[in-house]
Amino acid sequence: MKKLRKTAVKKNYIDSYQFLETKPTKEAPFNFIIITTYKNKIQFDAREEHFQELIKAKGKLELLNNKKPGEFRKTLFSKDVYHKEN
């Protein structure tokens, strides 16, 4: 995830990103928060296409302990917010 976002910044696909580590609680049962920021609606609207391009270019999926992402990764909360500039 981090490598993809570093490349996405270099290719001007995203404006910035943050990876935050947190302690899981009953109310918020997750270890990491990923925040991805887009410069404008054009970047935001192209996000799926751009990330698919980066994933494809990366090549073969490298698995840890032969576990696929769906076996250990789960999105508990996602929010898309677009702030239109004046």
Side-chain angles (χ1 to χ4, degrees):
M1 297 296 258
K2 204 177 249 189
K3 283 183 180 182
L4 286 177
R5 280 172 174 72
K6 282 183 180 183
T7 304
V9 168
K10 287 178 186 175
K11 288 184 159 266
N12 200 35
Y13 290 171
I14 65 173
D15 188 44
S16 64
Y17 66 92
Q18 289 179 287
F19 280 86
L20 307 174
E21 189 169 351
T22 184
K23 271 195 161 182
T25 65
K26 185 176 180 181
E27 298 79 29
F30 46 82
N31 299 78
F32 299 98
I33 300 170
I34 303 170
I35 301 170
T36 305
T37 307
Y38 301 89
K39 282 183 190 175
N40 52 42
K41 189 164 178 5
I42 295 168
Q43 274 188 348
F44 179 79
D45 288 345
R47 68 193 183 281
E48 290 299 326
E49 178 185 335
H50 286 156
F51 276 106
Q52 286 303 316
E53 172 194 316
L54 296 176
I55 291 166
K56 187 176 180 180
K58 187 177 177 290
K60 184 181 174 200
L61 185 61
E62 297 173 23
L63 302 175
L64 179 63
N65 299 328
N66 293 319
K67 291 192 177 219
K68 294 182 182 176
E71 295 176 284
F72 65 85
R73 181 174 61 207
K74 181 177 180 183
T75 300
L76 298 177
F77 178 78
S78 177
K79 184 174 182 180
D80 294 332
V81 179
Y82 175 70
H83 297 282
K84 187 175 181 182
E85 294 181 14
N86 296 331

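Quick caveat, the model's predicted, so the values are computed rather than measured.
Counted by atom type alone, Asn31 and Lys23 present zero donor-acceptor pairs between their side chains at under 3.5 Å.
Ile14 places a side-chain heavy atom less than 4.5 Å from the side chain of Tyr38. Residues Glu53 and Tyr13 are in side-chain contact: their nearest non-hydrogen atoms beyond the backbone lie under 4.5 Å apart. Thr37 places none of its side-chain heavy atoms less than 4.5 Å from the side chain of Gln18.
Once rounded to the nearest 0.5 Å, the distance linking CG of Leu20 with CZ of Phe30 reads 10.0 Å. Put simply, OG1 on Thr7 and NE2 on His50 are 13.0 Å apart, with the number rounded to the nearest 0.5 Å. Atom-to-atom distance recorded for Thr22:OG1 and Phe32:CZ is 10.0 Å, nearest 0.5 angstrom. In this structure, NZ on Lys10 lies 11.5 Å from CG on Leu54, to the nearest 0.5 angstrom.
Taking each heavy atom of Ser16 and Val9 in turn, the nearest pair found is CA-CG2, 4.2 Å. Listed here is the closest heavy atom pair of Gln43 and Asp15: OE1-N, 3.5 Å.
For Phe19 and Tyr17, the ring centers sit closer than 6.0 Å to each other.
Panel note: side chain Arg5, backbone Lys2; no donor-acceptor pair is recorded below 3.5 Å.
Around atom NZ of Lys58, more than 12 heavy atoms belonging to other residues, nucleotides or ligands sit under 6.0 Å away.
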